[in-house]
Amino acid sequence: MKCSLVYAALAATIVLAQKAPDCNAFVKTCPFNKGNTKSHISYDLTQTSALNEWTTIGGAVGTGSQGAELTIHKQGDAPTIVTDYYIFYGEVSVEMKASPGTGIVSSVYMLSDDNDEIDWETLGGSTDKIQTNYFGKGDNSEDYNRWTWQPVTTPQELFHKYTLIWAKDKVSWSIDGTVVRTVDYADAKGGTRFPQTPMRVRIGIWAGDDPSKTNPSKLKGAIDWAGGETDYSKGPFTMYVKSVEIVNYTPAENYVYSDKSGSAESVEIHSDVSSSKTSISIHSGTSTTDVASLGSSSTVSSATIASSTSQNGISAVPTINSSLNSGATTNSSSATSTLHMTTSAETKSTVTRSNSTSAVSPLTTVSTTFKSSTSAITSTTGSFNSACALGSGYLALLTLIVGFMQIWTWVLCV
């Protein structure tokens, strides 16, 4: 038992080394993490064009009727596809068939510049289970307490949908729509080892006995964890990825670390709404906000946008001050932006914009019609007043004439 724990710790170190981030945010100031302004992104990997938003490393990746083909032909091959952007909380669903082969590892994982990580790992020699794992800030000191094995039917022969559900307060793993494991924020050393910084999605295949991927002194631990040495003469070894669906809880242009703490609070979210740069910071213990409704192409009039809806546990309080165009469109007819405008009496009126290029036209028409009606009423009132004045003059004259006639008649009679 003690040996297996040692192998587990060694393997964890090796796996982390194989998945090193592009920039270590604990050591230096990293460039901003590019985001994606879409809230839902889908990839049909039977189509070569679907790989346009992915970077390929470690070897060539082809596509076919079963999806993207990640293949090991020889020792040293480790083809991996990586999204060109990061997400900050969200869901990643991958329809995958793992590769068979002793020592071959098929991986789906997310990794941040702070070495936060959430994993699926399928071993080629394990035909009835898959491993789940996570890391916070690269700490692998208790890896054997964090990973679990979950049952799955012949993952090397059948496609299964593996989903990572990453929210601010918990991480869940599901297989074919059924949640098989959940880790709460507090369970990860009081949240200090909970994954909480922007991550990129990575899908790849590698061999545990590949000396080019790890420190030779730890190679045996990796081989034992992966199930043994790989016989490359039995290759090639291929994993297939038919589709990927990403639900992006925090769409943004980019994310920036304000310090080297590795906490969610240190991450600044920069969104581009109608070409005006805005910043949103995610804080704990505040009301939740659906930032997804503020897509890059949404356009609303000059106001302070303050929405307060909830989506899958993410908490945020954005205040966005932008100079925007009235009456423009949003990405979806269901996506709306609510504008709060304060009058001199401090009362608030709400205007909701939907998918129309002339959303304010009806309001303008009503306003114009109202003004026209008012003008008509004013004109009629003026005419009436003039008529009344003229009528009064005629009446006075008529009274005077009648008076003279009465006097004249009285004189004649006398």
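Using a distance-only test at 3.5 Å, with no hydrogens or angles considered, a donor-acceptor pair links the side chain of T80 to the main chain of A78. A donor-acceptor pair is defined here as one N or O able to donate and one able to accept, closer than 3.5 Å; no such pair exists between the side chain of S107 and the backbone of I205. With hydrogens and angles ignored, the 3.5 Å screen pairs no side-chain donor or acceptor of S266 with any backbone N or O of S261. Checked by atom type and distance alone, the side chain of N52 pairs as donor or acceptor with a backbone atom of S49 at under 3.5 Å. In this structure, D119 contributes its side chain and E121 its backbone to no donor-acceptor pair below 3.5 Å. The closest donor-acceptor contact from the side chain of N36 to the backbone of K38 lies under 3.5 Å. In terms of modelled atom types and a separation under 3.5 Å, the side chain of D128 and the main chain of T153 share no donor-acceptor contact.
The shortest non-hydrogen separation linking K168 to A264 is NZ-CB, 3.8 Å. Nearest heavy atom pair, residue D187 against residue Y134, reads O-OH, 4.2 Å. Summarising the geometry of Y232 relative to A207, their closest heavy-atom pair is OH-CB, 3.3 Å, with the distance given to 0.1 Å. Here the shortest heavy-atom pairing between M199 and P195 reads CE-CB, 4.0 Å. P100 and T238 make their closest contact through CD-O, 4.3 Å (heavy atoms, listed as atom of the first residue, atom of the second, distance). Minimum heavy-atom separation, D77 to I72: O-CG1, 3.6 Å.
In this structure the side chain of V244 never reaches within 4.5 angstrom of the side chain of T83, judged on heavy atoms. Between V152 and Y162, some side-chain heavy-atom pair lies under the 4.5 Å cut-off. Y240 has its side chain within reach of E69: a pair of non-hydrogen atoms, C-beta onward, lies under 4.5 Å apart. Side-chain contact between N115 and F135 is absent, with no heavy atoms from C-beta onward closer than 4.5 Å. Using a 4.5 Å cut-off on side-chain heavy atoms (C-beta onward), L123 and V105 make contact. Using a 4.5 Å heavy-atom cutoff, the side chains of E253 and T37 are in contact. The closest side-chain heavy-atom distance from Y185 to Q196 is below 4.5 Å. In this structure, S112 and Y86 have side chains that are not in contact, with every pair of non-hydrogen atoms separated by 4.5 Å or more.
The CH2 atom of W173 sits 11.5 Å away from atom CD1 of I175, with the distance rounded to the nearest 0.5 Å. Here NE2 of H270 is found 9.5 Å from CZ of F32. Values are rounded to the nearest 0.5 Å. Rounding to the nearest 0.5 Å places CZ of R181 at 14.5 Å from NZ of K170. One distance of note links OG1 of T197 with CG of L111; it measures 8.5 Å at 0.5 Å rounding. From T102, atom OG1 reaches atom CD1 of I104 across 8.5 Å, with rounding to the nearest 0.5 Å. To the nearest 0.5 Å, atoms CZ (R193) and NZ (K137) are separated by 6.0 Å.
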Check your understanding: Does the pair M239 and T122 meet the rule for a side chain to side chain contact (heavy atoms under 4.5 Å, CB included), with working shown?
Key -> CA-CA 10 Å; M239 71 176 289; T122 305; over 6 Å; no
Point to revise | Audit row: S258, E268, side chain to side chain donor-acceptor pair (under 3.5 Å) steps and yes/no | key: CA-CA 7 Å; S258 62; E268 296 177 354; 4.6 Å; no
Point to revise | Y249 vs E91, side chain to side chain contact (heavy atoms under 4.5 Å, CB included): CA-CA, chis, key distance, verdict | key: CA-CA 8 Å; Y249 289 176; E91 302 170 21; 2.6 Å; yes
Practice item. Apply side chain to side chain contact (heavy atoms under 4.5 Å, CB included) to Y43 and I81, showing your working. Key: CA-CA 12 Å; Y43 301 98; I81 58 175; over 6 Å; no
Exercise for review: Could you please spell out the steps behind the side chain to side chain contact (heavy atoms under 4.5 Å, CB included) verdict for M110 and I87?
Suggested key: CA-CA 9 Å; M110 292 190 284; I87 66 170; 4.1 Å; yes
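Figure legend: R202 and Y109 shown without cation-pi pairing, the cationic atom not lying both under 6.0 angstrom from the six-membered ring centre and within 45 degrees of its axis.
Looking at S99 and S106, their side chains never bring a donor and an acceptor atom within 3.5 Å of each other. No side-chain donor from either of E245 and S243 sits under 3.5 Å from a side-chain acceptor of the other.
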